[in-house]
Amino acid sequence: MRVGFIQFNPVFGDHAVNLETMKRLVSSVEADLIVLPELATTGYAFTSKEELSRIAEPFESSPSLDVLQAVAQERDCALVTGFGEIDGDRLFNSSALLTPDGDRKLYRKIHLFGAENLFFSPGDIPFAAHTFRDVKLGMMICFDWFFPESMRTLALKGAQIICHPVNFVLPWGPKAMTVRSLENHVFSITANRYGTEAR
């Protein structure tokens, strides 16, 4: 399996601009699996729960995920992307696995970091491994790396590649992911955003 990742500087609150950027960048990559950053569709630095609730999208009917799923179909690849999710009155920092056959899998970040606790609910979906082209894929998001049990659980469930959208704050994250991969004998793809987002 050929894998890749895309890192870019999301524009806060502008789904359209971020989706156009992701579509353009994905179109230049030849891979079976591509991982995008945490909260790639919305940006990261929320200032209130109300602000987040206005731009978060439902998993099953997300216009942003619909666009990216169409890109996955066009490029014949799987995409993993972070997005802000709304489910009833709850908000989640989530990632979606989108496959070219139209399948869609969800993970909600369990280990929230810092101010995320002011806006998001902790994830309520267990870690899981999903099969794509005979390879088992797992998802975790950013600060999940800090807890060894996150990747260990995915490995025990059979995941061979860990897809890891991030918005790294702590400087040890990239090196720690190498250690986590070695500990568990799995591959990992960490996709970070770049730039600044001071609000």
Quick one: OG1 on Thr41 to CG on Leu19, what's the gap to the nearest 0.5 Å? 7.0 Å

Interatomic distance, Leu118 atom CG to Leu52 atom CG [nearest 0.5 angstrom]: 11.0 Å

Aromatic centroids of Tyr107 and Phe127 separated by under 6.0 Å: yes

Ignoring hydrogens and angles, tell me if any N or O in the side chain of Glu51 forms a donor-acceptor pair with the backbone of Thr47 under 3.5 Å. yes

Sequence-distant partners of Glu20, side-chain hydrogen bond (donor to acceptor under 3.5 Å, both in side chains), two or more places apart: Lys23

Got more than 12 heavy atoms from elsewhere within 6.0 Å of CZ, Phe5? no

Taking a hydrophobic cluster as the set of Ile, Leu, Val, Met, Phe, Trp and Tyr residues connected by side-chain heavy atoms closer than 4.5 Å, whether directly or through intermediates, do Ile125 and Ile141 fall within one such cluster? no

Testing the basics here: between Ala40 and Thr81, what is the closest heavy-atom pair and its distance to 0.1 Å? CB-OG1, 3.6 Å

Audit row: His130, Lys136, side chain to side chain contact (heavy atoms under 4.5 Å, CB included) steps and yes/no: CA-CA 5 Å; His130 309 287; Lys136 293 278 193 178; over 6 Å; no

Determine whether a donor-acceptor pair (N or O, by modelled atom type, separation under 3.5 Å) exists between the side chain of Thr99 and the backbone of Asp103. yes

Could you report the tightest heavy-atom contact between Glu85 and Ala56, atom names first, then the distance? C-CB, 3.8 Å

Let's go through Leu79 and Cys77 carefully: what are the C-alpha distance in whole Å and the side-chain angles of both, what is the deciding distance for side chain to side chain contact (heavy atoms under 4.5 Å, CB included) to 0.1 Å, and is it a yes or a no? CA-CA 7 Å; Leu79 299 177; Cys77 69; 3.9 Å; yes

Side chains of Val71 and Met22 in contact at under 4.5 Å (non-hydrogen atoms): no

Minimal non-hydrogen separation, Ser95 against Phe83, with atom names: C-CE2, 3.9 Å

The reported gap from OG in Ser150 to NE2 in His111 (rounded to nearest 0.5 angstrom) is 4.5 Å

Contact check, side chains of Leu112 and Phe119, non-hydrogen atoms, under 4.5 Å: no

Within the 4.5 Å heavy-atom criterion, are Trp145 and Val166 side-chain neighbours or not? no

Side chains of Ile110 and Asp144 in contact at under 4.5 Å (non-hydrogen atoms): yes

Check side-chain hydrogen bond (donor to acceptor under 3.5 Å, both in side chains) between Arg133 and all other residues, then give those that pass, not counting sequence neighbours. Asp32, Asp76

Side-chain donor/acceptor of Asn192 to backbone N/O of Phe168, under 3.5 Å: yes

Say whether, by atom type as modelled, one donor and one acceptor occur between the side chain of Asn18 and the main chain of Pro10 under 3.5 angstrom. no

Would you confirm whether Ser62, through its side chain, and Phe59, through its main-chain N or O, come within 3.5 Å as a donor-acceptor pair? no

Taking NZ, NE, NH1 and NH2 as the nitrogens, is one of them in Glu30 or Arg75 under 4.0 Å from a carboxylate oxygen of the other? yes

Between the SG atom in Cys163 and the CD1 atom in Ile34, the distance rounded to the nearest 0.5 Å is 11.0 Å

Taking the side chain as everything from C-beta on, heavy atoms only, tell me whether Ser188 gets closer than 4.5 Å to Arg180. no

Can you give me the closest heavy-atom contact between Phe92 and Pro122, atom names plus distance? CE2-O, 3.4 Å

Is the backbone N or O of Asp134 less than 3.5 Å from a side-chain atom of Thr131, with the two atoms forming a donor-acceptor pair by type? no

Contact between Ile162 and Ile189 at the side-chain level, heavy atoms closer than 4.5 Å - yes or no? no

If you count heavy atoms of other groups shown closer than 6.0 angstrom to CG of Asn117, is the number above 12? yes

Shortest non-hydrogen separation from His15 to Thr42 and the atoms involved: NE2-CG2, 3.6 Å

Nearest 0.5 Å, please: how far is CD1 in Ile161 from CG in Leu154? 12.5 Å

Tell me if a side-chain donor or acceptor on Asp87 pairs with a main-chain N or O of Arg90 at a distance below 3.5 Å. no

Do any N or O atoms from the side chain of His185 and from the backbone of Gln160 form a donor-acceptor pair under 3.5 angstrom? no

May I ask you to check whether Phe146 and Phe113 place their ring centers less than 6.0 Å from one another? no

Ignoring hydrogens and geometry, is there a side-chain-to-backbone donor-acceptor pair from Glu197 to Tyr44 under 3.5 Å? yes

Can Asn9 and Arg193 be counted as having a side-chain donor-acceptor contact under 3.5 angstrom? yes

Inspect the surroundings of CD in Glu74 and state if more than 12 heavy atoms from other residues, nucleotides or ligands are less than 6.0 Å away. no

Begin with the C-alpha distance, continue with both residues' side-chain angles, and end with the deciding distance and a verdict on side chain to side chain contact (heavy atoms under 4.5 Å, CB included) for Leu106 and Ser94. CA-CA 7 Å; Leu106 176 67; Ser94 298; 3.8 Å; yes

Is a donor on one side and an acceptor on the other found under 3.5 Å between the side chain of Glu38 and the backbone of Asn167? yes

Between Glu116 and Lys109, does the salt bridge (Lys or Arg N to Asp or Glu O under 4.0 Å) criterion hold? Intermediate values first, please. CA-CA 10 Å; Glu116 291 174 8; Lys109 186 175 183 178; 2.9 Å; yes

Applying side chain to side chain contact (heavy atoms under 4.5 Å, CB included), run through His164 and Met139 and close with a yes or a no. CA-CA 6 Å; His164 187 217; Met139 289 184 282; over 6 Å; no

Would you call Leu39 and Pro37 a side-chain contact if the rule is heavy atoms closer than 4.5 Å? no

Is there side-chain contact between Lys49 and Arg54, with heavy atoms separated by less than 4.5 Å? no

Rounded to the nearest 0.5 Å, the CD atom of Gln69 sits from the CG atom of Leu97 at a distance of 9.0 Å

Looking only at heavy atoms, which two atoms of Gln73 and Asp101 are closest? And how far apart? NE2-C, 4.5 Å

